[in-house]
A.B. asks: 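After the structure tokens below, expect a handful of questions from me.
Predicted model, so just to flag it, every value in this text is computed and none were measured. Each ligand, and each atom within it, is numbered from 1 in the order the structure gives.
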Amino acid sequence: MPAKGADRDVDADVIIVGGGVIGTAIAWRAARSGLTVTLVDSAGDGPGAGDHRTANQASRVAAGMLGPVSESVFGEEQLLNLNLHAVDRFPSFNRELEQATGKSTGLRTEGTLAVAYDNGDLAALDRLTDFRHSIGLAAERLDARQTRRLEPFLAPSTRGGVLAQGDLSVDNRRYLAALQAAAAAAGVQTVAGTVLMVGARQVEAAVPGPDGPVRITLPARNVVVAAGHATRDIAGVPLAVSGAIRPVKGQILRLRHPGGLPNLLTRTVRAMVQGRDLYFVPREDGELVVGATQEERDDRWVTAGAVHDLLRDAEIAVPAVSELVFAEASAGLRPGTSDNGPVLGRADGDGLIVAAGHYRNGILLSAVTADAVNALLHGREPHPAWHPFTPGRF
Ligand SMILES: Cc1cc2nc3c(=O)[nH]c(=O)nc-3n(C[C@H](O)[C@H](O)[C@H](O)COP(=O)(O)OP(=O)(O)OC[C@H]3O[C@@H](n4cnc5c(N)ncnc54)[C@H](O)[C@@H]3O)c2cc1C
């Protein structure tokens, strides 16, 4: 059945709401498995387009760390289990993506080095390392000399570090662009529009028409809501789920070597500077991502204070950053939830699936989210690591 109210043929097996890494990864895998897929995104014609609510998708703003070990904290063992499943899966998913598109996503495998700059920070790092060892994670303690031998541009005041070899990183913008290209090549149809309401077998969306927005109904056998933090604004998402999702603002910087020379750092560095967390994610092309703030706000302003604080701490940790070119400051909204875990599963026992709330780990979790939703679409159970994260838990 064609869409009502507009001259479009969008009758699909699946409609996916949201074209960030989560929705696009799901769309690619679903189309590759033989389903007809329509993806509706309010950002319209690709990354960077749209109004201020959509121009800064979290997926573009992110740093691209795939760091289950260095992200693990006390009390989140089920999430750690899911994140470890995700980092195991990511390289093969990424390889297939690179082969499908001929595009490199900049995956890096040098691990994460966590660094402390005073005794208090070193003690905090030690406690986290003890916890990580107690649950069987590999994290190697290094003294100050060993730490600086790995990363000579770290400040001489470095007190010591911990190397997590299992962590990866990816250039999230190149990764998203590759997902978009792969989805298009696999036959995913894209509709520029804002979904207002979802049901088990249809969505209602406002799409641009010649005389202003037109409201259309798109039918499908399954609807997947993957709209990041904005999932909570869509009518028809169960109230328990929308009530659990909250935006968590993050401000982040992109610096660049002026002469296109190699990066200052060779691996992700997480620094603790006077109790404050900071990270550096180097790219092969000389970009150095420095982040990020964590604020319970839902605006996307880049503030002078945040830029100042990030640069001040960055310079304490890696003094040579002051020589780099300031390329970009941006802000995005992480899709947080009340228990910090993602939400994945059927929301109504019928055709409506939610895949949202990926909070600080959406890039990392994108491949296993696509696998899990694809399993549901084909009547199979997702991997057991997903079981604690169903919509029904709220
Ligand atoms: C500063 C910062 C750093 C981060 N660093 C990392 C990191 O290092 N590693 C990591 O794994 N994760 C990181 N994250 C988290 C990660 O970015 C998110 O978890 C992930 O991008 C969520 O992806 P998403 O597709 O669900 O949401 P988004 O990327 O926000 O995409 C949602 C999409 O839905 C669309 N949409 C919204 N509402 C509607 C609607 N009503 N109709 C149609 N379309 C709609 C939007 O246009 C958008 O394209 C970071 C986030 C931030 C902000």
Side-chain angles (χ1 to χ4, degrees), residues 15-27 39-44 46-51 53-68 70-71 83 86-87 90 112 167-173 175-176 179-180 190-198 203-207 224-237 245 247-254 268 270 279 281 289-295 300 302 306 310 329-337 340 342-344 354-367 369-370:
I15 290 179
I16 295 165
V17 183
V21 281
I22 299 298
T24 313
I26 295 167
L39 188 150
V40 188
D41 192 281
S42 44
D51 65 18
R53 284 185 65 81
T54 53
N56 286 324
Q57 292 168 315
S59 301
R60 275 184 58 75
V61 172
M65 293 177 291
L66 311 173
S70 57
E71 277 273 326
N83 289 345
V87 82
F90 198 93
T112 301
D167 285 357
L168 310 172
S169 73
V170 73
D171 184 330
N172 46 296
R173 292 183 179 179
Y175 175 65
L176 180 58
L179 286 172
Q180 288 166 336
T190 303
V191 172
T194 298
V195 170
L196 308 169
M197 192 162 82
V198 291
V203 309
E204 284 189 25
V207 299
V224 180
V225 185
H229 75 93
T231 297
R232 68 182 184 147
D233 299 330
I234 298 174
V237 172
I245 294 176
V248 181
K249 179 178 175 181
Q251 302 190 56
I252 192 166
L253 311 178
R254 283 173 158 81
T268 298
R270 299 190 74 124
Y279 56 71
V281 187
V289 182
V290 180
T293 67
Q294 176 112 344
E295 304 161 63
R300 290 202 178 104
V302 172
L310 287 169
S330 52
L333 297 176
R334 303 175 184 92
T337 62
N340 295 338
V343 194
L344 188 136
V354 176
H358 293 74
Y359 192 30
R360 296 168 61 95
N361 291 306
I363 313 296
L364 168 64
L365 290 169
S366 54
T369 299

A.B. asks: Just to be sure I'm reading this right: ignoring hydrogens, which of G67, A227, A192, G362 gets closest to atom 16 (C) of ligand 1? Compare them by their nearest heavy atoms.
C.D. replies: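 It is G362 whose heavy atom sits nearest to atom 16 (C) of ligand 1.
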A.B. asks: Given T369, I22, L364, which one has a non-hydrogen atom that is nearest to atom 24 (P) of ligand 1?
C.D. replies: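 Looking at heavy atoms only, the winner is I22.
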A.B. asks: Measuring from the heavy atoms of G64, does anything fall under 4.0 Å of ligand 1?
C.D. replies: yes
A.B. asks: On a heavy-atom basis, I'd like to know which of V195, N172, V198 is closest to atom 41 (N) of ligand 1.
C.D. replies: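 Comparing heavy atoms across V195, N172, V198, the nearest one to atom 41 (N) of ligand 1 lies in V195.
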A.B. asks: Heavy-atom distances under 4.0 Å are what count here, so tell me which part of A356 touches ligand 1: side chain, backbone, both or neither.
C.D. replies: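 It is neither; nothing of A356 touches ligand 1.
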A.B. asks: Looking only at distances, please establish whether an N/O atom of ligand 1 is found under 3.5 Å from an N/O atom of I234.
C.D. replies: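 No, no N or O pair falls under 3.5 Å.
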A.B. asks: Does the N or O separation between A58 and ligand 1 drop below 3.5 Å for any pair?
C.D. replies: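 Between A58 and ligand 1, an N or O pair is found under 3.5 Å apart.
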A.B. asks: Within the 4.0 Å heavy-atom shell around T194, which atoms of ligand 1 are there?
C.D. replies: 41 (N), 42 (N)
A.B. asks: So between A206, G291, G357, A62, whose heavy atom ends up nearest atom 14 (N) of ligand 1?
C.D. replies: A62
A.B. asks: Do Q251 and E295 come close enough that some side-chain heavy atom pair is under 4.5 Å?
C.D. replies: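 They are in side-chain contact.
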A.B. asks: Within a strict 4.5 Å, meaning less than it, do heavy atoms of the V289 and I252 side chains meet?
C.D. replies: yes
A.B. asks: Could you state the interatomic distance from NE2 (H358) to OG (S366), rounded to the nearest 0.5 Å?
C.D. replies: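 Atom-to-atom, H358:NE2 and S366:OG are 8.0 Å apart.
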A.B. asks: Judging by distance only, is a nitrogen or oxygen of Y359 under 3.5 angstrom from one on ligand 1?
C.D. replies: yes
A.B. asks: Please examine the side chains of D167 and V87, heavy atoms only from C-beta on, and report whether any two atoms are closer than 4.5 Å.
C.D. replies: no
A.B. asks: Given that the side chain starts at C-beta and the backbone is N, CA, C, O, which of these parts of R360 lies under 4.0 Å from ligand 1, counting heavy atoms, or is it both or neither?
C.D. replies: backbone
A.B. asks: Looking only at heavy atoms, which two atoms of R60 and L176 are closest? And how far apart?
C.D. replies: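 Looks like CG-CD2, 3.9 Å.
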A.B. asks: Which one of T268, L196, I363 has a non-hydrogen atom at the shortest distance from atom 11 (O) of ligand 1?
C.D. replies: I363
A.B. asks: Side chain or backbone, does Q251 bring an N or O within less than 3.5 Å of an N or O on ligand 1?
C.D. replies: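 The answer is no, given that Q251 and ligand 1 share no N or O pair closer than 3.5 Å.
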A.B. asks: For atom 47 (O) of ligand 1, which candidate among V17, V40, D41, V170 holds the nearest heavy atom?
C.D. replies: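 Looking at heavy atoms only, the winner is D41.
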A.B. asks: Do any nitrogen or oxygen atoms of M65 lie less than 3.5 angstrom from nitrogen or oxygen atoms of ligand 1?
C.D. replies: yes
A.B. asks: Hey, looking at atom 22 (C) of ligand 1, which of P335, S366, A226 has the closest heavy atom?
C.D. replies: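 Selected option, by shortest heavy-atom distance: P335.
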A.B. asks: Just to verify, what does A62 make a side-chain contact (heavy atoms from CB on, under 4.5 Å) with, not counting sequence neighbours?
C.D. replies: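 For A62 the side-chain contact (heavy atoms from CB on, under 4.5 Å) partners, ignoring immediate neighbours, are N172, I363.
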A.B. asks: Mind checking what makes ring pair (Phe, Tyr, Trp, His ring centres under 6.0 Å) contact with Y359, not counting sequence neighbours?
C.D. replies: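 So Y359 forms no ring pair (Phe, Tyr, Trp, His ring centres under 6.0 Å) with any residue.
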A.B. asks: Would you please determine whether G193 falls within less than 4.0 Å of ligand 1 on a heavy-atom basis?
C.D. replies: yes
A.B. asks: I need the N83 CG to N361 CG distance, nearest 0.5 Å.
C.D. replies: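 It comes to 4.5 Å.
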A.B. asks: Enter the distance from H229:NE2 to L333:CG here, rounded to the nearest 0.5 Å.
C.D. replies: 4.5 Å
A.B. asks: Taking all non-hydrogen atoms of both residues, which atom of T293 and which atom of A306 are closest, and how far apart?
C.D. replies: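 The pair with the smallest heavy-atom distance is CG2-CB, 3.8 Å.
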A.B. asks: Quick one: look at Y279 and ligand 1, take heavy-atom pairs under 4.0 Å, and tell me if it's side chain, backbone, both or neither.
C.D. replies: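 Just the side chain.
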A.B. asks: Considering only heavy atoms, does A230 approach ligand 1 within less than 4.0 Å through its side chain, its backbone, both, or neither?
C.D. replies: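 For A230, only side-chain atoms sit under 4.0 Å from ligand 1.
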A.B. asks: Decide yes or no for V61 and R300: does some side-chain heavy atom of the first lie under 4.5 Å from some side-chain heavy atom of the second?
C.D. replies: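 No; the side chains remain at least 4.5 Å from each other.
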